[in-house]
Amino acid sequence: QVQLVESGGGLVQAGGSLRLSCAASGRTFSNYAMGWFRQAPGKEREFVAGISWNGGLTHYADSVKGRFTVSRDNAKNTVYLQMNSLKPEDTAVYYCAAATLTSIVLVSSELSDYEYWGQGTQVTVSS
């Protein structure tokens with residue numbers, strides 16, 4: 001089992017920045033690829049960003065590319081999501097998730113690949 005706890009959400013004006021953190025405990029953190037997803041009211045959960053087990057490969061949704069940066073610190077068992085130039089449409093509950101992937105697939109944008117999920121943190125961007 002892996003337990004994931006997100007933090008860092010809040011209310012910010014459009015154009016502002018937030019950094020989300022996701023602290024992991026349980027099994028060896030570096031065994032897992034990590035992902036960030038979000039879910040806005042009335043919408044399906046969607047992929048935001050993913051990072052491979054060693055941080056060497058990242059992948060972003062088109063909607064956040066160039067504005068968000070995912071990173072991880074395996075020594076601290078933590079993954080981060082730096083969000084800049086925030087827009088009202090970024091408003092959602094943000095979730096981190098952990099996946100055991102193959103040696104070929106290092107990063108995934110598929111919800112079904114992720115085995116463990118945090119409880120989420122609310123991000124609200126005002127216009």
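Predicted model only: the values in this text are computed from it and were never measured.
Remark: the backbone N or O of Val70 is paired with a side-chain donor or acceptor of Tyr60 at under 3.5 angstrom. Checked by atom type and distance alone, the side chain of Thr124 never pairs as donor or acceptor with a backbone atom of Thr91 at under 3.5 Å. Using modelled atom types, no side-chain atom of Asn54 and backbone atom of Asn74 make a donor-acceptor pair closer than 3.5 Å.
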For residues 12-36, run the donor-acceptor check on the side chains, cut-off 3.5 Å, and write out each pair with its distance to 0.1 Å, sequence neighbours left out.
unit_1 : atom_1 : unit_2 : atom_2 : d
Ser17  : OG     : Asn84  : OD1    : 2.9
Ser25  : OG     : Gln3   : OE1    : 3.4
Trp36  : NE1    : Tyr80  : O      : 3.4

Determine all donor-acceptor pairs shorter than 3.5 Å in which one atom belongs to a side chain in residues 108-121; sequence neighbours excluded.
unit_1 : atom_1 : unit_2 : atom_2 : d
Ser108 : OG     : Glu110 : N      : 3.0
Ser108 : OG     : Asp113 : OD2    : 2.5
Tyr114 : OH     : Ser108 : O      : 2.5
Glu115 : OE2    : Thr100 : N      : 2.5
Glu115 : OE2    : Thr100 : OG1    : 2.8
Trp117 : NE1    : Tyr114 : O      : 3.3
Thr121 : OG1    : Gly9   : N      : 3.2

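Tracing side-chain contacts under 4.5 Å through hydrophobic residues (I, L, V, M, F, W, Y), one reaches Val125 starting from Phe68; they form part of the same cluster. Linking ILVMFWY side-chain heavy atoms closer than 4.5 Å, directly or via other members, places Phe47 and Tyr94 in two distinct hydrophobic clusters. There is a path of hydrophobic side-chain contacts, each under 4.5 Å, that joins Leu81 to Val123. Under a hydrophobic clustering in which Ile, Leu, Val, Met, Phe, Trp and Tyr are joined whenever their side-chain heavy atoms come within less than 4.5 Å, directly or via other members, Val79 and Trp53 fall into different clusters.
Environment of NZ in Lys65: crowded, with over 12 heavy atoms of neighbouring residues, nucleotides or ligands closer than 6.0 Å.
Shortest non-hydrogen contact noted between Gly56 and Ser52 is N-OG, 3.2 Å.
The list of salt bridge (Lys or Arg N to Asp or Glu O under 4.0 Å) pairs with a residue in residues 87-106, not counting sequence neighbours, reads Arg38-Asp90, Arg67-Asp90.
Atom CD1 of Ile51 is separated from atom CG of Leu57 by 8.5 Å, given to the nearest 0.5 angstrom.
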